[in-house]
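In this text, all values refer to a predicted model and were calculated from it rather than measured experimentally.
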Amino acid sequence: MGILIAAVVLVGILGLFNLLLTAGVVRRLREHAELISNKSSGDGHGVDADVLAPGETAEPFAAESVTGRQIALTDLVQGSVVAFFSPHCQPCKERAPEFAAYAAGRPAGAEPTLAVVVAGAAESAEMTALLSPVAEVVTGAAAERVAAAFRTDSYPSFYVMGATGTVSASGHNLSVLPVAAAA
């Protein structure tokens with residue numbers, strides 16, 4: 001009987017030790033996931049390496065939005081906001097509703113807001129439906145042309161335009177966008 005009690009106590013201690021190790025591994029995995037997320041989506045401070053930096057100029061482009069409006073680099077005046085999304089990236093899925101709320105809060109008559117969803121029409125339908133009420137949305141081959149003009153291949157990416165096609169702020173978080181003034 002004593003051996004049985006000792007075995008049960010030993011199994012209990014091993015189970016508790018295993019539980020503590022598992023909790024430690026889970027905590028470390030969360031830390032690593034956060035670090036990876038911050039690396040791939042920018043930290044909102046400084047300049048992200050894979051977006052046009054402030055002062056750089058986007059290449060000229062011409063694209064048609066989903067509403068049929070023709071959009072060119074010259075339409076993006078100082079203060080215009082340009083956002084790039086892909087329906088295949090998790091941070092995009094998280095930030096698209098935040099961007100839609102941001103764009104909806106911009107005052108009426110504000111500078112243009114352009115959302116570029118880099119995917120075909122079928123793949124981008126959900127994001128297009130979310131963003132269309134608050135921004136001009138470009139998808140498909142036109143979106144690829146705009147992304148190439150901004151040399152953007154990581155998503156989400158956000159730009160605030162300066163004068164004559166130059167970038168005044170850029171990054172992977174909404175924190176680079178100017179605070180919307182009260183309407």
Please list every donor-acceptor pair under 3.5 Å in which a side-chain atom of residues 157-169 meets a protein atom from a residue at least two apart or in another chain.
{"residue": "Ser157", "atom": "OG", "partner": "Ser154", "partner atom": "O", "Å": "2.6"}
{"residue": "Ser157", "atom": "OG", "partner": "His172", "partner atom": "ND1", "Å": "3.4"}
{"residue": "Tyr159", "atom": "OH", "partner": "Leu52", "partner atom": "N", "Å": "3.2"}
{"residue": "Tyr159", "atom": "OH", "partner": "Thr152", "partner atom": "OG1", "Å": "2.9"}
{"residue": "Thr166", "atom": "OG1", "partner": "Ala163", "partner atom": "O", "Å": "2.7"}
{"residue": "Ser168", "atom": "OG", "partner": "Val160", "partner atom": "O", "Å": "3.1"}

Would Leu29 end up clustered with Leu21 when hydrophobic side chains under 4.5 Å apart are linked, directly or stepwise? no
Can you get from Phe85 to Leu174 by hopping between Ile, Leu, Val, Met, Phe, Trp and Tyr side chains that sit under 4.5 Å apart? yes
Heavy-atom pair of closest approach, residues [X] and [Y]:
X	Y	answer
Arg106	Glu111	NH1-O, 3.2 Å
Ala143	Val138	N-CG1, 3.4 Å
Ser124	Ala119	OG-O, 4.1 Å
Ala96	Leu131	O-CD2, 3.9 Å
Ala53	Ser170	CA-OG, 4.0 Å

Please say whether more than 12 non-hydrogen atoms of neighbouring residues, nucleotides or ligands are located less than 6.0 Å from CG in Leu10. yes
Any side-chain donor paired with an acceptor under 3.5 Å for Glu136 and Ser65? yes
From the list Phe84, Phe99, Tyr155, side-chain contact (heavy atoms from CB on, under 4.5 Å) with Cys92 holds only for Tyr155
Sub-4.5 Å side-chain heavy-atom contact between [X] and [Y]:
X	Y	answer
Thr113	Val134	no
Asn18	Leu16	no
Phe150	Val51	no
Thr139	Val137	yes
Pro112	Val77	yes

Using the test side-chain contact (heavy atoms from CB on, under 4.5 Å), find all partners of Asp75 that sit at least two apart in sequence or belong to another chain. Ile71, Ala72
Going by an N to O cut-off under 4.0 Å, is there a salt bridge joining Glu56 and Arg151? yes
In Å and rounded to the nearest 0.5 Å, what is the [atom1] to [atom2] distance from [X] to [Y]?
X	Y	atom1	atom2	value
Asn173	Glu98	CG	CD	8.5 Å
Lys93	His88	NZ	NE2	8.5 Å
Gln78	Leu76	CD	CG	12.5 Å

